[in-house]
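What follows is a short report on a single structure.
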Amino acid sequence: MSCIEVKPMSADLIAPLTMTRTCPHAPPAEHRRLRAEAPVARVKLPNGLTVWAVTAHEHIRTILSDPRFSSNRRDPGFPYLTRERPPSSDLKRMLLELDPPEHGQARRSVLGEFTLQRIRALGPRIQQIVDEHIDAMLAGPRPVDLVQAFSLPVPSLVICELLGVPYADHEFFQTRSATLVNQNAAPEEVGRVVGELMTYLGNLVAAKAQNPTDDLLGRQIARQRESGEVDYQDLVSMAFLLLIAGHETTANMISLTTLVLLQQPDKLAALQRAPAKTLAAVEELLRYFTIAEQALGRVAIADVEIGGVLIRAGEGVLLLANTGNRDPEVFTDADELDLERGSRNHLAFGFGPHQCLGQNLARLELQIVIDTLFRRIPGLRPAVPEDELSFKVDATVYGIREFPVTW
Amino acid sequence: MRVLIDENKCCGAGQCVLIAPRVFDQRDDGIVILLDQAPPKELHAAVREAACVCPGAAIALEERE
Ligand code: HEM
Ligand code: SF4
């Protein structure tokens with residue numbers, strides 16, 4: 001506890017707030033100041049929106065667990081970070097956007113695909129995918145961009161595995177999903193690629209309805225058949241959500257993890273001596289980078305008091321989980337990357353009923369990557385210093401755009 | 001220590017199974033199963049951690065001295 005008494009900022013004082021990250025190793029100073037001075041603060045975003053920014057770990061958990069805060073991104077009060085309000089959509093709402101009771105029903109229909117047991121069964125295939133990409137890197141030129149050669153294709157192929165995309169289509173799937181997450185791609189190109197992927201997934205679902213397969217989509221089709229009609233649209237949109245939620249997130253974590261472990265060779269060496277500690281290290285790396293902070297928005301649908309501050313129905317809330325994950329009330333030496341910390345009480349996967357459905361898959365992928373990459377390429381090192389790397393400072397998911405490495 | 005679970009609150013991300021596999025498991029549909037209502041002392045720390053990080057607040061503990 002601090003011995004300085006900090007008076008909460010009055011709720012009608014509106015501070016400007018940037019969402020641009022300044023550094024991979026710490027949240028913006030401004031966000032940290034808010035946590036100390038006004039953990040529930042009225043702020044004005046660069047796009048002109050006035051919203052609540054919540055920076056205390058405890059309040060973030062409370063809000064993400066409270067059904068009076070909605071995930072409906074189409075609600076006029078829902079906070080957005082783009083310059084313009086995102087165009088309205090008449091597509092069916094995805095899992096991520098649903099509220100109770102629809103959310104629980106939709107989530108329960110796919111939950112069985114993400115049990116620890118099912119995810120662990122993907123382990124050998126993930127290992128093989130990781131090894132193949134390392135083989136290709138070792139056989140190719142140096143330096144190489146880790147993002148294109150490794151970080152992006154690995155999770156994209158893992159999703160192929162999960163969904164049951166046939167081997168022959170991997171190339172198609174992977175090039176399209178790479179365009180999807182490429183910030184430099186022209187909007188028309190992204191639009192075209194989304195169309196192609198949707199058509200592809202539509203055909204895939206139809207093919208699996210004809211010839212049932214034992215994979216996520218195949219099992220979902222069988223399930224839906226049992227209870228009546230197969231909702232093809234629903235399955236295509238689920239497959240697409242898994243692709244966008246599970247691809248770039250994991251990819252960015254792979255790149256950032258590689259960077260920080262190469263920067264701190266003593267920590268990497270300690271990890272290599274004791275592979276049993278990798279899972280704890282993954283947890284700490286998730287906390288340290290909290291890459292999906294910008295995915296955590298909500299809109300109040302009733303008046304709710306949080307930390308002595310009244311949030312009114314209709315007002316938008318941003319949960320600044322990266323700062324919440326450095327909360328000294330919860331984590332000692334919160335700014336330290338302590339791979340043996342062993343705390344799972346972080347918010348990198350969110351909290352409450354929407355907490356990341358793919359978290360155990362993400363953990364397994366990162367674990368396999370850490371245990372394999374540095375072992376197989378012992379001389380691996382960044383080909384440029386950190387200050388020459390381009391970070392995704394204002395993207396929905398934080399990461400590194402291009403990461404030249406050599407060995 | 002007595003462990004209580006509320007299946008209706010479980011959102012099945014499987015954190016408890018990862019943390020305390022001798023006390024929690026998942027059904028095929030992803031919902032939590034309680035394997036041990038009164039876990040031995042050496043598991044208490046893990047069970048407390050599972051209850052703390054459970055995103056659905058589906059795990060309740062009754063602790064006695
Ligand atoms: C390190 C990698 C990942 C991070 C940091 C991450 C982060 C998150 C966060 C913060 C949320 C909560 C959003 C909210 O509350 O509004 C979320 C939800 C979700 N994630 Fe992940 N994720 C990762 C990997 C994955 C993977 C690999 C998959 C699946 C293949 C996945 C699928 C999902 C889905 C389906 C949801 C929505 C769940 C719901 O609304 O009930 N994620 N993720
Ligand atoms: S941690 Fe909680 S929500 Fe997750 S599976 Fe266990 S009981 Fe269910």
Side-chain angles (χ1 to χ4, degrees), chain A residues 57-58 60-67 95 98 100-101 103-121 216 219-220 223 279-280 282-283 286-287 296 330 341-364 367, chain B:
Chain A
H57 186 277
E58 178 197 351
I60 296 174
R61 265 177 63 125
T62 304
I63 292 174
L64 290 175
S65 309
D66 189 328
L95 183 63
L98 293 175
H103 174 259
Q105 285 159 9
R107 185 159 165 132
R108 278 175 182 233
S109 71
V110 283
L111 215 50
E113 296 296 339
F114 292 88
T115 60
L116 210 51
Q117 198 184 358
R118 274 233 188 278
I119 296 304
R120 284 191 177 140
L216 189 150
R219 286 186 294 262
Q220 287 291 310
R223 247 185 78 101
L279 205 55
V282 165
E283 225 51 57
L286 287 161
R287 179 191 77 92
L296 294 170
V330 183
R341 182 185 299 276
S343 171
R344 297 191 188 77
N345 189 14
H346 62 74
L347 306 161
F349 289 126
F351 197 70
H354 286 275
Q355 192 183 59
C356 184
L357 186 61
Q359 55 182 281
N360 284 327
L361 179 58
R363 285 187 178 104
L364 183 61
Q367 186 184 8
Chain B
M1 172 190 278
R2 234 169 71 84
V3 186
L4 302 158
I5 53 168
D6 183 342
E7 289 179 8
N8 294 318
K9 287 185 177 172
C10 173
C11 57
Q15 297 237 56
C16 55
V17 191
L18 196 64
I19 298 169
R22 284 164 59 192
V23 182
F24 305 100
D25 199 356
Q26 280 168 299
R27 302 194 309 230
D28 283 348
D29 66 1
I31 301 299
V32 62
I33 313 173
L34 186 59
L35 300 177
D36 189 348
Q37 280 192 350
K41 242 197 169 68
E42 67 269 20
L43 298 181
H44 287 190
V47 173
R48 278 187 209 110
E49 188 189 5
C52 166
V53 304
C54 169
I59 303 171
L61 304 180
E62 280 173 9
E63 304 237 24
R64 260 169 309 191
E65 284 313 301

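Letters A, B, ... are given to chains in the order of the sequence lines, protein chains preceding strands, and every chain is numbered from 1.
With a threshold of 4.5 angstrom between heavy atoms, Arg61(A) approaches chain B through side-chain atoms but not through N, CA, C or O. Contacts between Leu357(A) and chain B at a heavy-atom distance below 4.5 Å are absent for every atom of the residue. Interface residue Leu279(A): only side-chain heavy atoms are found under 4.5 Å from chain B. Residue contact with chain B, scored on non-hydrogen atoms closer than 4.5 Å, involves the side chain of Arg120(A) exclusively. For Asn360(A), the part lying near chain B is the side chain, with the backbone staying farther off; criterion is any non-hydrogen pair under 4.5 Å. In this structure, no portion of Arg223(A) lies under 4.5 Å from any heavy atom of chain B.
Comparing Asp25(B), Ile19(B), Val17(B), Asp28(B) by how many heavy-atom pairs each has under 4.5 Å with chain A, the most go to Ile19(B). Between chain B and the options Arg107(A), Arg344(A), Gln359(A), heavy-atom pairs under 4.5 Å are most frequent for Arg344(A). When each of Cys356(A), Gly104(A), Gly352(A) is scored by its heavy-atom pairs under 4.5 Å with chain B, the top score falls to Gly352(A). Of the listed residues (Gly14(B), Cys52(B), Gly56(B)), the one with the most heavy-atom contacts under 4.5 Å to chain A is Cys52(B).
Closest non-hydrogen pair, Arg363(A) versus Leu18(B), comes out as CD-CD2, 3.6 Å. Annotation for Cys10(B) and Arg108(A): closest pair O-NH2, 3.2 Å, computed over non-hydrogen atoms.
Taken to the nearest 0.5 Å, the CG atom of Asp29(B) stands 11.0 Å off from the CD atom of Glu113(A). The structure places CD of Glu49(B) at 8.0 Å from CG of Asn345(A), a figure rounded to the nearest 0.5 Å. Taken from SG in Cys11(B) to NE2 in His354(A), the straight-line distance is 9.5 Å, to the nearest 0.5 Å.
Enclosure of atom CD in Gln367(A) by more than 12 non-hydrogen atoms of other residues, nucleotides or ligands within 6.0 angstrom is indicated.
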